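Note that this is a predicted model, so its numbers are computed, not measured.
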There are 2 protein chains.
Amino acid sequence: MALEHAILVSLLEKPGSGYELARRFERSIGYFWTATHQQIYRVLKRMEGDGWIDVREVPQQGRPDKKEYSVAAVGRAALSGWLHEPIEPESVRHDLAVKIRGAAFDDPAALIREVERHHQEHADRLAHYLAGELRDFTGPDAPRTPDAGRELQHAVLRGGIAYERMMLAWLDDVLATLHRLRP
Amino acid sequence: MALEHAILVSLLEKPGSGYELARRFERSIGYFWTATHQQIYRVLKRMEGDGWIDVREVPQQGRPDKKEYSVAAVGRAALSGWLHEPIEPESVRHDLAVKIRGAAFDDPAALIREVERHHQEHADRLAHYLAGELRDFTGPDAPRTPDAGRELQHAVLRGGIAYERMMLAWLDDVLATLHRLRP
DNA sequence: TCTTCCTATGCAACTCGTTGCATATACAAG
DNA sequence: CTTGTATATGCAACGAGTTGCATAGGAAGA
């Protein structure tokens with residue numbers, strides 16, 4: 001399982017509270033790893049117990065206090081160990097593909113609206129990624145200093161962009177196929 | 001959850017035993033939905049209990065008897081209901097992306113071998129998909145009769161092919177980035 | 001004959017992920 | 001002054017997925 005490792009990477013990039021982590025998982029990290037706040041809090045507890053991360057109570061004004069987590073030496077070592085372990089390429093789970101093959105035993109035309117919905121969702125994600133790329137990497141306000149961390153973040157983001165573009169092209173293909181199958 | 005629906009689709013395409021389903025999940029269906037035989041047997045039990053599928057004991061020669069499952073009317077209705085429900089676009093989980101961003105806090109060069117391994121794996125999958133496409137859809141021995149089911153299966157397979165091609169291009173991009181970051 | 005592999009089915013324990021709910025502070029809008 | 005929204009943390013129950021193990025018949029080869 002890699003949630004704990006995703007949290008370690010995120011905390012190394014910038015220390016933060018469980019709440020802040022949950023928001024990062026809705027944004028940048030969520031591009032390739034999803035997690036809810038309940039999951040994050042639970043894992044943070046365990047990681048703290050294992051000495052992977054340190055906590056610091058931070059009083060705040062105008063909002064509740066927070067617990068700011070940062071990576072301890074043990075956690076850094078654990079991440080390093082995991083980074084050097086080989087991992088298997090991810091297993092895929094595409095509900096939509098199941099539906100498309102299932103449509104052969106139902107009304108294929110009824111699936112068109114659903115596929116169009118997914119198309120819209122992926123178009124939105126692509127726009128969001130491209131805006132982030134412009135803001136953080138390729139735009140005029142993006143930092144110009146060479147930085148391995150930023151380079152790697154950009155490479156991951158390019159992966160997200162490539163994925164969304166591929167999905168949009170494929171969904172167009174699926175839509176054309178569904179229209180062709182209409183009476 | 002869609003495992004039960006994936007099983008229904010597979011059984012509609014062709015009835016079979018739990019063992020046969022497990023093998024299909026290693027092959028064609030596994031392109032977009034993975035499941036182990038333990039999981040499949042467990043779900044088949046529940047589906048049988050719910051009246052979604054029928055069982056037939058089939059004695060075999062030279063090998064143990066098997067239970068052949070086929071979709072019952074209730075199961076067909078359940079699938080139809082699910083097909084008409086909207087589903088959310090899948091949530092992604094890319095261990096490799098976590099590793100790439102984590103490499104900023106470790107040795108980026110150490111990741112090159114791992115990325116190359118993944119590249120090889122995806123190249124193998126692509127070759128496998130392309131061979132299947134040639135055999136079942138575009139080759140000279142493929143059936144020529146128009147069939148909605150086959151059309152949709154082909155569309156899903158084209159999605160797998162597009163995915164693997166996208167991954168290969170992105171992994172090339174990542175490799176170039178990692179080489180650029182070397183001392 | 002012994003081992004290994006393939007077919008075929010299944011249990012039990014455990015971990016992980018999801019869903020629903022609960023609590024508390026603070027600010028802004030009505 | 002109540003309602004809604006955002007911050008901030010958390011529990012409990014359930015459902016899904018993974019891992020390890022167990023059983024059993026038959027075929028193929030050393």
Side-chain angles (χ1 to χ4, degrees), chain A residues 1-7 11 15-27 29-30 32-50 53 55-69 82 87-95 98, chain B residues 1-8 11 15-27 29-30 32-50 53 55-69 82 85 87-95 98:
Chain A
M1 111 102 158
L3 174 54
E4 38 202 27
H5 302 112
I7 288 176
L11 289 179
S17 67
Y19 188 82
E20 284 162 348
L21 283 170
R23 299 219 312 183
R24 289 183 213 170
F25 273 81
E26 282 170 11
R27 295 182 57 257
I29 309 178
F32 53 90
W33 201 275
T34 56
T36 60
H37 77 269
Q38 289 90 340
Q39 226 181 313
I40 290 167
Y41 282 120
R42 196 206 289 156
V43 173
L44 281 173
K45 272 271 157 70
R46 190 178 66 227
M47 290 168 76
E48 193 196 333
D50 292 345
I53 50 178
V55 204
R56 195 168 63 93
E57 289 269 348
V58 178
Q60 295 188 113
Q61 288 173 343
R63 46 179 79 172
D65 297 355
K66 67 173 180 179
K67 297 182 183 173
E68 194 180 78
Y69 292 95
W82 178 73
I87 48 166
E88 290 308 304
E90 352 62 54
S91 50
V92 198
R93 251 115 208 250
H94 282 282
D95 297 69
V98 179
Chain B
M1 109 101 159
L3 173 56
E4 37 201 26
H5 303 111
I7 289 176
L8 285 173
L11 289 179
S17 69
Y19 188 83
E20 283 162 349
L21 282 170
R23 299 220 312 184
R24 290 184 212 170
F25 273 82
E26 281 170 12
R27 294 182 58 257
I29 308 181
F32 53 90
W33 201 276
T34 55
T36 61
H37 77 271
Q38 290 89 341
Q39 226 181 315
I40 291 166
Y41 282 120
R42 196 205 291 153
V43 174
L44 281 174
K45 271 272 157 67
R46 192 178 65 229
M47 290 168 76
E48 193 195 335
D50 293 345
I53 49 178
V55 204
R56 195 168 64 94
E57 289 270 347
V58 178
Q60 295 188 117
Q61 288 174 344
R63 45 179 80 172
D65 297 355
K66 67 173 180 178
K67 297 181 184 173
E68 194 181 77
Y69 294 93
W82 178 74
E85 267 173 31
I87 49 166
E88 289 309 303
E90 354 61 55
S91 49
V92 198
R93 262 119 220 219
H94 282 281
D95 296 69
V98 179

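If you take NZ of Lys45(A) and P of dT9(D), they are 10 Å apart, rounded to a whole angstrom. The distance from atom CH2 of Trp33(B) to atom P of dA16(D) is 11 Å, rounded to the nearest whole Å. Note: CD (Gln39(A)) to P (dT19(C)) measures 11 Å, nearest angstrom. dC11(C) atom C1' lies 16 Å from atom CG of Leu44(B), rounded to whole Å. One atom, CG of Asp95(B), and another, P of dC16(C), lie 13 Å apart when rounded to the nearest Å. Going from atom CD of Glu4(A) over to atom P of dT15(C) covers 12 Å, rounded to whole Å. Atom-to-atom, OH of Tyr69(A) to P of dT9(D) comes out at 7 Å; the value is rounded to the nearest Å. Between the CZ atom of Arg56(A) and the P atom of dA8(D) there is a distance of 14 Å, rounded to whole Å.
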(request) Could you walk me through whether Glu68(A) and Arg56(A) pass the salt bridge (Lys or Arg N to Asp or Glu O under 4.0 Å) test, one step at a time? (result) CA-CA 5 Å; Glu68(A) 194 180 78; Arg56(A) 195 168 63 93; 3.0 Å; yes

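Exactly one of Glu20(A), Glu48(A), Met47(A) qualifies for a side-chain contact (heavy atoms from CB on, under 4.5 Å) with Tyr69(A). That residue is Glu48(A).
Contact record, Phe25(B) with Thr34(B): CD2-C, 4.3 Å, taken as the closest heavy-atom pair. Contact record, Asp65(B) with Pro59(B): OD1-CA, 3.4 Å, taken as the closest heavy-atom pair. Closest heavy-atom contact between Ala35(A) and Leu3(A): CB-CD1, 3.8 Å.
Distance OG/Ser17(B) to NZ/Lys67(B): 10.5 Å, rounded to 0.5 Å.
The pair Glu57(A)-Lys66(A) does not count as a salt bridge, with every side-chain nitrogen at least 4.0 angstrom from each carboxylate oxygen.
On a pure distance criterion of 3.5 Å, a polar donor-acceptor pair joins the side chain of Gln38(A) and the base of dG20(C).
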(message) Does the protein touch nucleotides 23-30 of chain C at the base, only the backbone, or not at all? Give it as B, S and - per nucleotide, heavy atoms under 4.0 Å.
(response) --BSS---

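When the side-chain nitrogen and oxygen atoms of Tyr41(B) are compared with OP1 and OP2 of dG10(C), none of them lie within a distance under 4.0 Å. For the pair Gln60(B) and dA8(C), the criterion of a side-chain N or O lying under 4.0 Å from OP1 or OP2 is met.
For residues 15-25 of chain B, proximity to DNA chain C is found at Ser17(B), Gly18(B), Tyr19(B), Arg23(B), defined as any non-hydrogen atom under 4.0 angstrom from a strand atom.
Of the candidate nucleotides dT7(C), dG17(D), dT18(C), dT18(C) has the atom lying nearest to any side-chain atom of Arg93(B).
Between Thr34(A) and His37(B), it is His37(B) whose nearest contact on DNA chain C lies nearer the 5' terminus. Mapping Arg42(A) and Asp65(A) onto DNA chain D by nearest heavy atom places Asp65(A) at the nucleotide closer to the 5' end.
Between Leu21(B) and Ile29(B) there is no side-chain heavy-atom pair separated by less than 4.5 Å. Side-chain contact between Arg42(B) and Lys45(B): absent, with no pair of heavy atoms (C-beta onward) separated by less than 4.5 Å.
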